[in-house]
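One structure is given below, encoded as structure tokens.
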Amino acid sequence: QVQLVESGGGLVQAGGSLRLSCAASGLNLDRYAIGWFRQVPGKEREEISCSSGMDSITNYAESVKGRFSIFRDSGKNAVLLQMYNVKPEDTGVYYCAAGTWCVDAESHMDYWGRGTPVTVSS
């Protein structure tokens, strides 16, 4: 059974840092494109970052470029999202997903976690 579990969310002050983890069971994340997505109530889910895996290409939303970094921990079969200099607008529920392609990533994700909430206070 495939399972993705996010962790690391919580309350953080603006300007602080947070590291989110996406741990997998039932599949080898090295073989998948992995995306991080954010959803805020009343808004559509947006792609934050995606790592294609095979060719090591990573994408970032403009709003997080230079502040967030996605990287893989193959030994733990996990993908991490390091968040620096967080802002109140980074608040939301963060989901990781595994799929085939980072182009139009959300439509190419096959497996989703249940999300971890992040709240950034000003």
Side-chain angles (χ1 to χ4, degrees):
Q1 181 180 359
V2 174
Q3 194 172 18
L4 299 178
V5 179
E6 302 94 337
S7 62
L11 176 64
V12 60
Q13 285 190 329
S17 302
L18 210 58
R19 177 177 288 189
L20 306 184
S21 175
C22 173
S25 58
L27 78 168
N28 182 351
L29 291 184
D30 285 347
R31 298 180 180 179
Y32 289 84
I34 305 299
W36 280 97
F37 301 82
R38 177 172 68 208
Q39 182 138 41
V40 178
K43 294 186 177 181
E44 291 187 357
R45 185 163 54 194
E46 64 172 321
E47 177 187 343
I48 298 301
S49 182
C50 190
S51 169
S52 64
M54 295 292 289
D55 50 10
S56 300
I57 292 176
T58 56
N59 300 330
Y60 295 95
E62 286 296 325
S63 61
V64 306
K65 276 184 180 177
R67 300 189 297 119
F68 290 13
S69 179
I70 187 171
F71 59 99
R72 296 171 181 259
D73 185 343
S74 297
K76 295 182 179 179
N77 198 28
V79 176
L80 307 177
L81 184 69
Q82 179 67 54
M83 306 164 65
Y84 292 109
N85 189 24
V86 296
K87 302 176 180 181
E89 52 263 41
D90 294 326
T91 294
V93 178
Y94 284 71
Y95 298 87
C96 70
T100 56
W101 194 238
C102 279
V103 175
D104 191 18
E106 186 169 358
S107 65
H108 291 97
M109 294 293 128
D110 300 314
Y111 306 102
W112 290 83
R114 294 189 174 184
T116 184
V118 171
T119 302
V120 181
S121 62
S122 58

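- When atom types are taken as modelled, the side chain of Thr116 and the backbone of Gly9 share a donor-acceptor pair closer than 3.5 angstrom.
- Counting only distance, with no hydrogens or angles, the side chain of Ser49 and the backbone of Asn59 share a donor-acceptor pair below 3.5 Å.
- The CD1 atom of Ile34 lies 7.5 Å from the OG atom of Ser51; values are rounded to the nearest 0.5 Å.
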* **Leu11 vs Ser121, side-chain contact (heavy atoms from CB on, under 4.5 Å): CA-CA, chis, key distance, verdict** => CA-CA 7 Å; Leu11 176 64; Ser121 62; 4.3 Å; yes
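- Taking every heavy atom of both residues into account, Lys43 and Gln39 meet most closely at O-NE2, 3.2 Å.
- Considering only residues two or more places apart in sequence or on other chains, Tyr94 meets the ring pair (Phe, Tyr, Trp, His ring centres under 6.0 Å) condition with none of them.
- Across all their heavy atoms, Ser52 and Arg72 have their closest contact at C-NH2, 3.8 Å.
- In the hydrophobic clustering of ILVMFWY residues, with side-chain heavy atoms under 4.5 Å counting as a link, Tyr95 and Leu81 come out apart.
- Residue-environment remark: CZ (Phe71) exceeds the threshold of 12 foreign heavy atoms within 6.0 Å.
- Evaluation of the side chain to side chain donor-acceptor pair (under 3.5 Å) rule for Glu44 yields no partner, not counting sequence neighbours.
- Two different hydrophobic clusters hold Leu80 and Val12 under the rule that ILVMFWY side chains link at heavy-atom gaps under 4.5 Å.
- With values rounded to the nearest 0.5 angstrom, Ile70 atom CD1 is found 7.5 Å from Cys102 atom SG.
- In the hydrophobic cluster analysis, where Ile, Leu, Val, Met, Phe, Trp and Tyr join through side-chain heavy atoms closer than 4.5 angstrom, Val93 is grouped apart from Phe68.
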Scan the side chains in residues 19-29 for donor-acceptor partners under 3.5 Å anywhere in the protein, sequence neighbours excluded, and list what turns up.
from	atom 1	to	atom 2	distance (Å)
Arg19	NE	Gln82	OE1	2.7
Arg19	NH2	Gln82	OE1	3.1
Asn28	OD1	Asp30	N	3.0

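- Listed by first and then second residue, the salt bridge (Lys or Arg N to Asp or Glu O under 4.0 Å) pairs involving residues 77-95 are Arg38-Asp90, Arg67-Asp90 (not counting sequence neighbours).
- Every residue two or more places apart in sequence or in another chain that forms a side chain to side chain contact (heavy atoms under 4.5 Å, CB included) with Ala97 is listed here: Phe37, Met109, Trp112.
- At least one side-chain heavy atom of Tyr60 sits under 4.5 Å from a side-chain heavy atom of Ser69.
- Here the side chains of Trp36 and Val79 are in contact, with some heavy-atom distance below 4.5 Å.
- Residues Val118 and Leu18 form a side-chain contact, since some pair of their non-hydrogen atoms from C-beta on lies under 4.5 Å apart.
- Pairs engaging residues 100-121 under the salt bridge (Lys or Arg N to Asp or Glu O under 4.0 Å) rule: Arg45-Glu106 [sequence neighbours left out].
- The backbone N or O of Cys96 sits less than 3.5 Å from a side-chain atom of Glu6, completing a donor-acceptor pair.
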* Which is it for Ser17 and Tyr84 under the side-chain contact (heavy atoms from CB on, under 4.5 Å) test, yes or no, and what are the steps along the way? -> CA-CA 4 Å; Ser17 302; Tyr84 292 109; 3.3 Å; yes
